[in-house]
Amino acid sequence: MISTVILPVAGLGTRFLPATKSVPKELLPVVDKPLLQYAVEEAWRAGIRHVVLVNSPKKSGLETHLQPADPELVAELTAKGKKDLLAALLGTVPEGLKVTVVMQPQALGLGHAVACGAEAALASAGDGVAVMLVDDFIDAPLSGAGAAGCLADMVALHEATGAWSLAVEEVPRDQVHRYGVVSLADSSAQRIAAMVEKPAADVAPSNLAVVGRYVLPKAIFAALADVRPGAGGEIQLTDGISALLAEHDIRAHRFAGVRYDCGSKLGYAQANMALALRDPELAAPLRAWLPGLL
């Protein structure tokens with residue numbers, strides 16, 4: 001029912017300059033795998049088979065990463081018997097994944113980026129579309145509930161109930177101005193009654209912040225066509241979703257796992273450390289090294 005995900009990746013990544021002068025922030029690695037690849041793998045586990053990259057002409061490396069591996073590199077690794085590296089290289093893109101690239105000519109907001117993917121998403125199967133923000137890295141539990149990932153749980157919710165959903169988590173009140181914030185009509189069903197983009201702490205309807213995973217009806221594209229510039233002079237996805245709340249059951253999904261804001265230096269460092277500390281090769285030497293720094 002949900003076969004397509006839109007990845008808005010045209011942003012400049014200025015918070016990571018000078019690293020992002022030539023390398024897109026979505027290709028920055030968490031340990032040894034780029035953020036983009038983690039997002040695609042999470043989408044694949046959710047049953048997504050079509051990725052729509054809403055990109056910038058300056059970030060062609062993102063498209064390259066989702067293309068088949070360089071035959072010369074494959075041949076070299078094969079000849080040298082480097083099976084682990086070859087498996088990692090060939091596993092970059094799941095077999096059967098379709099990638100469509102569309103351009104966002106101007107950075108006019110998240111809602112504008114999603115709208116840029118409308119034609120590709122509307123042509124795909126299913127009654128809805130997923131949206132993922134690559135730098136919202138959600139580290140799923142290793143086993144049990146939620147292990148398939150946040151997006152898989154949201155897609156499963158839609159398939160079971162017909163409800164749409166937004167991933168949310170509680171944030172400190174002094175941080176609500178950074179997020180879209182929801183209020184709930186029904187706390188038991190988690191149905192969303194209203195949303196506001198980047199509210200001041202004293203007027204925020206709650207501290208439930210939307211964090212980078214959306215499963216939405218395709219009606220979102222018609223709604224976005226009517227949205228006028230809002231907070232920050234941008235076309236806000238929040239405003240488009242708000243227009244759907246009266247007619248669609250859209251719920252707050254409190255996900256399992258830990259979110260790291262890899263659009264910030266602190267969150268990016270935390271994600272690298274968390275995954276490195278459970279890497280079979282890195283964990284022990286890291287734990288032995290860390291006490292000397294503290």
Side-chain angles (χ1 to χ4, degrees), residues 3-78 82-105 107 110 113-114 116-117 120-121 124 129-140 149-152 212-213 260-264 267-269 271-272 275-276 279:
S3 63
T4 297
V5 64
I6 294 175
L7 302 183
V9 293
L12 298 177
T14 52
R15 284 188 284 180
F16 281 89
L17 285 170
T20 49
K21 177 183 177 183
S22 58
V23 178
K25 68 174 180 178
E26 296 84 4
L27 291 184
L28 296 178
V30 175
V31 184
D32 58 358
K33 189 186 299 183
L35 287 164
L36 175 65
Q37 189 171 334
Y38 282 106
V40 169
E41 290 175 354
E42 181 182 336
W44 182 265
R45 294 194 300 272
I48 301 292
R49 298 296 179 262
H50 181 201
V51 169
V52 179
L53 278 185
V54 180
N55 202 5
S56 159
K58 298 179 181 179
K59 300 174 72 174
S60 60
L62 296 171
E63 303 167 32
T64 301
H65 189 76
L66 296 182
Q67 292 172 354
D70 178 2
E72 291 185 9
L73 181 55
V74 170
E76 181 177 345
L77 294 176
T78 301
K82 295 184 176 182
K83 296 181 180 179
D84 291 346
L85 290 177
L86 181 62
L89 177 66
L90 296 178
T92 299
V93 184
E95 186 176 353
L97 183 74
K98 176 183 177 182
V99 179
T100 300
V101 180
V102 298
M103 293 297 161
Q104 184 181 17
L110 178 56
V114 171
C116 288
S124 65
V129 63
V131 178
M132 298 177 70
L133 304 187
V134 172
D135 53 11
D136 265 334
F137 179 81
I138 298 180
D139 186 21
C150 176
L151 192 63
R213 302 290 185 277
Y260 298 102
D261 176 9
C262 288
S264 73
Y268 179 68
N272 269 282
L275 268 66
D279 183 281

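This is a predicted model, so every value here is computed, not measured.
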Of Ile6, Thr100, Val5, the one forming a side-chain contact (heavy atoms from CB on, under 4.5 Å) with His50 is Thr100
Output a table of donor-acceptor pairs, distance under 3.5 Å, between side-chain atoms of residues 131-140 and any protein atom two or more places apart or on a different chain; print 'none' if there are none.
from   : atom 1 : to     : atom 2 : distance (Å)
Asp135 : OD2    : Lys25  : NZ     : 2.7
Asp136 : OD1    : Arg259 : NH1    : 2.7
Asp136 : OD2    : Gly212 : N      : 3.3
Asp139 : OD1    : Arg278 : NH2    : 2.6
Asp139 : OD2    : Arg278 : NH1    : 3.0
Asp139 : OD2    : Arg278 : NH2    : 3.3

For the atom pair CG (Asp279) and CG (Leu275), what is the distance rounded to the nearest 0.5 Å?
8.5 Å
Thr78 and Leu86, any side-chain heavy atoms less than 4.5 Å apart:
yes
Hey, is NZ on Lys33 packed in by over 12 heavy atoms from elsewhere, all under 6.0 Å?
yes
For atom CD of Gln67, is the number of surrounding heavy atoms from other residues, nucleotides or ligands below 6.0 Å larger than 12?
yes
Determine whether Val52 and Val129 make a side-chain contact, defined as any pair of heavy atoms from C-beta on separated by less than 4.5 Å.
no
Can you check side-chain contact (heavy atoms from CB on, under 4.5 Å) on Val30 and Leu35, steps first, answer last?
CA-CA 7 Å; Val30 175; Leu35 287 164; 3.7 Å; yes
How many angstroms lie between atom CD of Glu41 and atom CG of Leu36, to the nearest 0.5 angstrom?
10.0 Å
Taking the side chain from Arg15 and the backbone from Gly263, do they hold a donor-acceptor pair closer than 3.5 Å?
yes
Treating Gln104 as the side-chain partner and Cys116 as the backbone partner, does any N or O pair qualify as donor plus acceptor under 3.5 Å?
no
Can you name the closest pair of heavy atoms from Ser264 and Gly267 and give their distance?
OG-N, 3.1 Å
Can you tell me how far the OG1 atom of Thr4 sits from the NZ atom of Lys98, to the nearest 0.5 Å?
7.5 Å
Ignoring hydrogens, what is the shortest heavy-atom contact between Thr92 and Leu89? Give both atom names and the distance.
OG1-O, 2.8 Å
CG (Leu77) and CG (Leu85) are apart, to the nearest 0.5 Å, by 6.0 Å
Please report the shortest heavy-atom distance between Ser3 and Ile48, naming the atom on each side.
O-CG2, 3.5 Å
Keeping Asn272 on the side-chain end and Val31 on the backbone end, is there a donor-acceptor pair under 3.5 Å?
yes
Kindly compute the distance separating NZ (Lys58) from CE (Met103), expressed to the nearest 0.5 Å.
12.5 Å
For Arg213 and Cys150 the tightest heavy-atom approach is CG-SG, 3.7 Å
Using side-chain heavy atoms (C-beta onward) and a distance below 4.5 Å, is Thr20 in contact with Leu12?
no
Are the side chain of Tyr268 and the backbone N or O of Phe16 linked by a donor-acceptor pair below 3.5 Å?
no
Can you give me the closest heavy-atom contact between Val102 and Gly117, atom names plus distance?
CG2-CA, 4.2 Å
State which residues pass side-chain hydrogen bond (donor to acceptor under 3.5 Å, both in side chains) with His65; sequence neighbours excluded, sorted by chain then number.
Gln37
Nearest heavy atoms of Leu97 and Val51, plus distance in Å
CD1-CG2, 3.8 Å
